[in-house]
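Since the structure is predicted, the reported quantities are computational estimates derived from the model, not experimental observations. Values below: all heavy atoms of this structure, side chains included; hydrogens, waters and symmetry mates excluded. Numbers for residues simply follow the sequence, beginning at 1.
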Amino acid sequence: MAILTTRQLGKRYGGKVGVEGVDLSVDAGAIVGFLGPNGAGKTTAIRLLLGFLKPTAGEATILGMDCWRQSHRIKHEVGYLAGDVRLYPWMNVRNALPILGQARGRDLVGPGMALAERFGLDPDKIVRKMSRGMRQKLGLIAALVHDSKLIILDEPTSGLDPLMQLDLAELLRERSAAGCTVFFSSHTLSEVEQLCDRVAIVRSGRIVADERLDEMRRRARRRVEILFESEQAARDAVVPERLSVVKRTGQRWQAEFDGEAGPLAAWLQAQAVRDFTIGPPDLETIFHAFYEDDEAR
């Protein structure tokens, strides 16, 4: 069942494109990364989904509700963290939870205090005395406390230390396993790679890729280095299919491989090889390839 869908969704500001022709369908329980550099249109798309902006083309639905006409109901149902968290300076965990509970019509004090403990956030520390990372934690508590069916997070790890990033990833996996859908934007491939089932990549307001992460890994090139027993063995070796030799230096090849590692390992076993390394799939190269045209401009 699709929790979130868009059909040719677009937003223009006069002659400037915010997003255009966005088609997405996100199923229940999925963790989807919305990936792209700053200014690519990620935040505009999220604001359209939450009804903060009215689309100039197409439509979007969440939980079967129209994101513009029924945005008040969607806001009640969805957990959301903005990319630029704004909090009242007097606010802390302890006084924020009753306010959030009133808005949601639920008692959220218990779950919220448990999240504060998990995140290592002092419930009595007020926002004006918080670091950036602490404010981000409070924003995350507000987004996650009510166990919604859909969580939308805009750059959720901004300001968080590496250990807290791992804790957040673990929590989101737990929510996904329980049936919650997670849709989050990022410009950092590494955090998307460790967490997501699927990636949608946006460039200049358009979706340029939308696929499962394991399929992207299958297509990604691997860095390969081979040390032959002798220079003669290196000269005599016939380059196998899908291996591109980038540099030859005496007994050593530096190469890239496009495909599964198994066939390459079998070929290496048949060669006069002293040592070799096969690196992990290079997703960074695939990601940056989607932006070469923009960077050239």
Side-chain angles (χ1 to χ4, degrees), residues 1-11 17-46 48-49 58-62 67 149-157 169 172-173 175-177 179-223 241-242 244 256-264 278-296:
M1 175 185 173
I3 294 290
L4 181 160
T5 61
T6 70
R7 298 180 186 86
Q8 291 297 295
L9 185 66
K11 177 65 179 178
V17 173
V19 294
E20 191 168 50
V22 173
D23 288 320
L24 285 172
S25 180
V26 179
D27 292 336
I31 304 180
V32 177
F34 197 41
L35 191 62
N38 293 329
K42 303 186 301 298
T43 295
T44 296
I46 286 174
L48 287 166
L49 290 173
E59 61 180 1
T61 61
I62 286 176
C67 289
K149 293 181 181 178
L150 173 64
I151 300 168
I152 297 177
L153 307 173
D154 194 355
E155 303 286 354
T157 62
L172 294 179
R173 289 190 198 96
R175 295 289 177 91
S176 174
C180 177
T181 304
V182 180
F183 184 84
F184 78 94
S185 79
S186 177
H187 62 272
T188 307
L189 178 61
S190 57
E191 71 180 22
V192 170
E193 186 179 358
Q194 69 170 325
L195 184 61
C196 292
D197 311 308
R198 179 176 143 213
V199 177
I201 300 177
V202 62
R203 180 182 76 188
S204 301
R206 287 184 169 274
I207 300 291
V208 293
D210 181 4
E211 59 186 299
R212 289 189 59 81
L213 200 57
D214 53 9
E215 177 61 22
M216 187 177 281
R217 285 193 184 99
R218 191 189 65 78
R219 293 190 294 103
R221 286 183 169 271
R222 298 171 182 267
R223 292 189 177 92
E241 187 178 359
R242 308 184 79 95
S244 302
E256 293 180 347
F257 184 69
D258 178 13
E260 298 291 339
L264 177 61
I278 303 175
D282 183 13
L283 292 181
E284 287 283 354
T285 299
I286 286 185
F287 169 62
H288 287 297
F290 287 112
Y291 295 94
E292 286 175 356
D293 290 344
D294 284 354
E295 289 170 359

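Qualifying side-chain contact (heavy atoms from CB on, under 4.5 Å) partners for Asp210, counting only residues two or more places apart in sequence or in other chains: Leu24, Arg198, Ala200, Ile207. For Arg206, the side-chain hydrogen bond (donor to acceptor under 3.5 Å, both in side chains) partners two or more places apart in sequence, or in a different chain, are Glu20. Every residue two or more places apart in sequence or in another chain that forms a side-chain contact (heavy atoms from CB on, under 4.5 Å) with Glu256 is listed here: Arg221, Val246. When the side-chain hydrogen bond (donor to acceptor under 3.5 Å, both in side chains) test is applied to Thr157, the partners found at least two apart in sequence or on another chain are Glu191. Here Arg223 pairs with Asp282 under the side-chain hydrogen bond (donor to acceptor under 3.5 Å, both in side chains) rule; sequence neighbours left out. Every residue two or more places apart in sequence or in another chain was checked for a side-chain hydrogen bond (donor to acceptor under 3.5 Å, both in side chains) with Arg222, and none qualifies. Shown here are the salt bridge (charged side-chain N to carboxylate O under 4.0 Å, His left out) partners of Arg212, two or more places apart in sequence or in another chain: Asp214. Checked against side-chain contact (heavy atoms from CB on, under 4.5 Å), Arg7 has the following partners two or more places apart in sequence or in another chain: Thr5, Asp23, Glu59.
Note that CG of Leu172 is 5.5 Å distant from CG of Leu195, once rounded to the nearest 0.5 Å. With rounding to the nearest 0.5 angstrom, the OG1 atom of Thr181 is 10.0 Å from the CD1 atom of Ile152. Atoms CG and CD1, on Leu4 and Ile62 in that order, are 4.5 Å from each other to the nearest 0.5 Å.
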Exercise for the section: Evaluate the side chain to side chain contact (heavy atoms under 4.5 Å, CB included) criterion for residues Cys180 and Ile151: first the C-alpha distance (whole Å), next the side-chain angles of each, then the deciding distance (0.1 Å), finally the verdict. Expected result: CA-CA 7 Å; Cys180 177; Ile151 300 168; 3.5 Å; yes

Handout entry: Candidate pair Val22 and Leu48, rule side chain to side chain contact (heavy atoms under 4.5 Å, CB included), full reasoning
Key = CA-CA 11 Å; Val22 173; Leu48 287 166; over 6 Å; no

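Here the shortest heavy-atom pairing between Leu35 and Val192 reads CD1-CG2, 3.8 Å. Listed here is the closest heavy atom pair of Cys196 and Gly33: SG-N, 3.3 Å.
Side-chain atoms of Ser176 never come within 3.5 Å of backbone atoms of Ala30 as a donor-acceptor pair (strictly under, hydrogens ignored). Of the possible donor and acceptor atoms, none in the side chain of Thr44 sits under 3.5 Å from a partner among the backbone N and O of Gly18. The backbone N or O of Glu155 sits nowhere less than 3.5 Å from a side-chain atom of Ser186 that would complete a donor-acceptor pair.
Counting only residues at least two apart or in different chains, ring-ring contact (aromatic ring centres under 6.0 Å, His included) contacts with residues 22-44 comprise Phe34-Phe183. Screening residues 32-43 for side-chain hydrogen bond (donor to acceptor under 3.5 Å, both in side chains) gives Thr43-Asp154 as the qualifying pairs, with residues at least two apart or on separate chains.
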